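Note sheet for the following structure.
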Amino acid sequence: MLNTVVVPVAGLGTRVLPASKAIPKEMLAVVDKPVIQHVVEEAAAAGFTRIVLVTRSGKSAIEDHFDRHAELEQVLAAKGKTDLLTAVQGALPTGVEIISVRQDEARGLGHAVLCAASLTGHEDFAVMLPDMLIDNAGGQPDMQQMADAYRSSGKGQVMVEAVPEEQVERYGIVDCGGQRPTKGQGAAMQDVVEKPALAQAPSNLAIVGRYILPARIMELLQTTPPGAGNEIQLTDAIKALLHEGGELDAFTMNGALYDCGNKAGLLQANVAFGLKHPETATALKAFLQQHLSD
């Protein structure tokens with residue numbers, strides 16, 4: 001059974017300062033929704049019904065966003081603003097619950113995931129990074145395809161994307177023994193290396209913030225020592241799983257990826273999604289055409 005997705009939201013958001021000084025970076029908007037809502041909707045579309053937010057103090061705005069705002073709903077209803085009322089009430093998809101746990105100190109992604117262990121129990125689970133936003137341009141969402149691949153094969157899945165060679169040192173890089181899975185397909189992982197130098201990189205297939213992992217990962221994280229950056233790395237636990245014979249597939253994504261954890265990526269996501277939004281597409285397209293022709 002695959003119901004739970006862990007979403008680490010305890011980060012400081014230093015790459016988008018000063019915007020994230022008082023507002024959680026996950027609450028920065030892409031068009032008319034905060035990034036975290038886009039990610040929760042992606043999880044719901046893939047069949048997940050329980051979202052575990054791994055959070056910290058100062059991030060209550062995220063939980064408030066998905067809570068009911070009765071006063072606002074009453075005002076919108078009284079003014080007949082039914083479209084806005086529906087949008088506000090639909091922030092949390094139907095049938096989905098959100099649970100929060102605290103990460104008491106920043107000790108890396110692996111430690112953040114481990115904070116949710118009491119809630120995932122002995123079940124397999126997913127991890128979705130809220131910085132990464134995927135646009136599938138109307139096609140079947142990549143996370144949904146990856147969940148389908150898990151359900152049909154029983155194997156854990158790690159979403160990857162081919163990146164330029166000069167960027168491999170920024171990511172966890174997977175080794176598929178020379179195989180190059182086509183988009184929408186997977187290949188068996190043999191190893192993973194966290195932020196390797198180009199000469200040591202086994203491929204240019206980078207992990208892009210979406211995982212479906214066996215319950216065994218939580219056990220491995222309990223004994224995973226600090227790695228790169230003196231933090232507990234999720235990739236180190238994945239490496240240990242592979243080395244003990246665990247099976248994972250590297251699933252190659254189809255969609256366009258936007259890293260909303262940095263300023264350029266957030267702007268790019270707003271342009272890409274804004275050009276598709278019925279309320280903003282026409283005006284934004286005209287604005288861009290005008291400024292690009294100057």
Side-chain angles (χ1 to χ4, degrees), residues 8 11 13-16 25 30 35 39 42 108-110 113 127-137 139 141-143 145-146 149 155-213 217 224 226-243 246-273:
T14 55
R15 293 186 295 162
V16 289
K25 64 176 181 177
V30 173
V35 176
V39 173
E42 179 188 356
L109 176 58
V113 171
V127 176
M128 298 175 68
L129 302 191
D131 294 345
M132 301 299 186
L133 196 58
I134 300 174
D135 179 10
N136 283 107
D142 284 311
M143 190 65 187
Q145 291 186 62
M146 196 165 76
K155 295 172 63 175
Q157 308 285 320
V158 176
M159 194 178 293
V160 298
E161 179 183 46
V163 299
E165 289 187 345
E166 63 271 16
Q167 295 182 15
V168 297
E169 62 184 16
R170 305 179 190 176
Y171 299 92
I173 301 296
V174 305
D175 180 358
C176 294
Q179 292 188 62
R180 302 288 300 182
T182 58
K183 291 184 177 182
Q185 301 295 320
M189 288 175 57
Q190 296 183 4
D191 204 354
V192 60
V193 184
E194 179 68 20
K195 298 180 180 178
L198 178 58
Q200 281 74 50
S203 73
N204 69 331
L205 295 175
I207 298 174
V208 292
R210 301 289 186 271
Y211 312 77
I212 296 176
L213 300 170
I217 283 289
T224 299
N230 199 35
E231 296 180 334
I232 297 174
Q233 299 291 343
L234 180 58
T235 48
D236 288 342
I238 291 173
K239 178 193 287 286
L241 177 75
L242 292 169
H243 288 186
E247 292 186 306
L248 294 173
D249 278 348
F251 177 90
T252 302
M253 64 180 297
N254 273 300
L257 181 71
Y258 300 98
D259 182 355
C260 296
N262 69 69
K263 297 166 188 176
L266 184 64
L267 288 170
Q268 291 163 6
N270 269 285
V271 171
F273 281 74

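As the structure is a prediction and not an experimental result, all values here were calculated from the model.
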Let me check something: any side-chain donor-acceptor pairs from residues 190-200 under 3.5 Å, sequence neighbours excluded? List them with distances.
residue	atom	partner	partner atom	Å
Asp191	OD1	Lys239	NZ	3.0
Asp191	OD1	His243	NE2	3.4
Glu194	OE1	Thr235	OG1	2.9

Check: Which heavy atom in Val168 sits nearest to a heavy atom in Ser203, and how many Å separate them?
Finding: CG1-O, 4.0 Å
Margin query: Restricting to non-hydrogen atoms, name the atom on Leu133 and the atom on Val30 that form the minimum distance, rounded to 0.1 Å.
Written below: CD2-CG2, 3.9 Å
Notebook entry, point to check: Would you find more than 12 non-hydrogen atoms of other residues, nucleotides or ligands less than 6.0 Å from Glu169 atom CD?
Noted result: no
Margin query: My understanding is that only residues two or more places apart in sequence, or in another chain, count here; which of them pass salt bridge (charged side-chain N to carboxylate O under 4.0 Å, His left out) with Asp135?
Written below: Lys276
Note to self: So, taking the atom named CG in Leu234 and the one named OG1 in Thr224, what distance separates them when rounded to the nearest 0.5 Å?
What the structure shows: 9.0 Å
Notebook entry, point to check: If you look at every heavy atom in Ala188 and Lys155, which pair is closest and at what distance?
Noted result: CB-NZ, 4.4 Å
Next item on the list: Answer yes or no: is there a donor N or O on one side and an acceptor on the other, between the side chain of Asn270 and the main chain of Leu266, under 3.5 Å?
Entry: yes
Next item on the list: Provide the closest heavy-atom pair for Met128 versus Arg210 in the form atom of the first, atom of the second, distance.
Entry: CE-NE, 3.5 Å
Checklist line | Sequence neighbours excluded - side-chain hydrogen bond (donor to acceptor under 3.5 Å, both in side chains) pairs with any residue from residues 260-269 | finding: Asp259-Asn262
Next item on the list: Return the minimal non-hydrogen interatomic distance between Leu242 and Met189, and the atom names on each side.
Entry: CD2-O, 3.6 Å
Margin query: Quick check for you: to the nearest 0.5 Å, what is the distance between Ile238 atom CD1 and Ile207 atom CD1?
Written below: 5.0 Å
Kindly list each side-chain donor-acceptor pair under 3.5 angstrom involving residues 174-186, sequence neighbours excluded, with atom names and distances?
residue	atom	partner	partner atom	Å
Asp175	OD1	Gly177	N	2.8
Arg180	NH1	Asn204	OD1	2.7
Arg180	NH2	Asn204	OD1	3.0

Check: Can you list the steps and then say if Asp131 with Val35 is a side-chain contact (heavy atoms from CB on, under 4.5 Å)?
Finding: CA-CA 7 Å; Asp131 294 345; Val35 176; over 6 Å; no
Checklist line | Shortest non-hydrogen contact from Arg15 toward Gly261 | finding: CB-O, 3.0 Å
Next item on the list: First locate atom CG of Leu257, then atom CD of Glu161, and finally report the distance between them rounded to the nearest 0.5 Å.
Entry: 5.5 Å
Item checked: side-chain contact (heavy atoms from CB on, under 4.5 Å) assessment of Ile232 paired with Leu109 -> CA-CA 7 Å; Ile232 297 174; Leu109 176 58; over 6 Å; no
Notebook entry, point to check: After noting the C-alpha distance and the side-chain angles of Ile217 and Tyr211, does the key distance pass the side-chain contact (heavy atoms from CB on, under 4.5 Å) rule?
Noted result: CA-CA 11 Å; Ile217 283 289; Tyr211 312 77; over 6 Å; no
Next item on the list: With sequence neighbours left out, write down each residue that passes side chain to side chain contact (heavy atoms under 4.5 Å, CB included) with Asp142, or none if nothing qualifies.
Entry: Ile134, Asn136, Gln145, Met159, Phe251, Met253, Asn254
Note to self: For Tyr171, give me all partners under ring pair (Phe, Tyr, Trp, His ring centres under 6.0 Å), at least two apart in sequence or on another chain.
What the structure shows: none
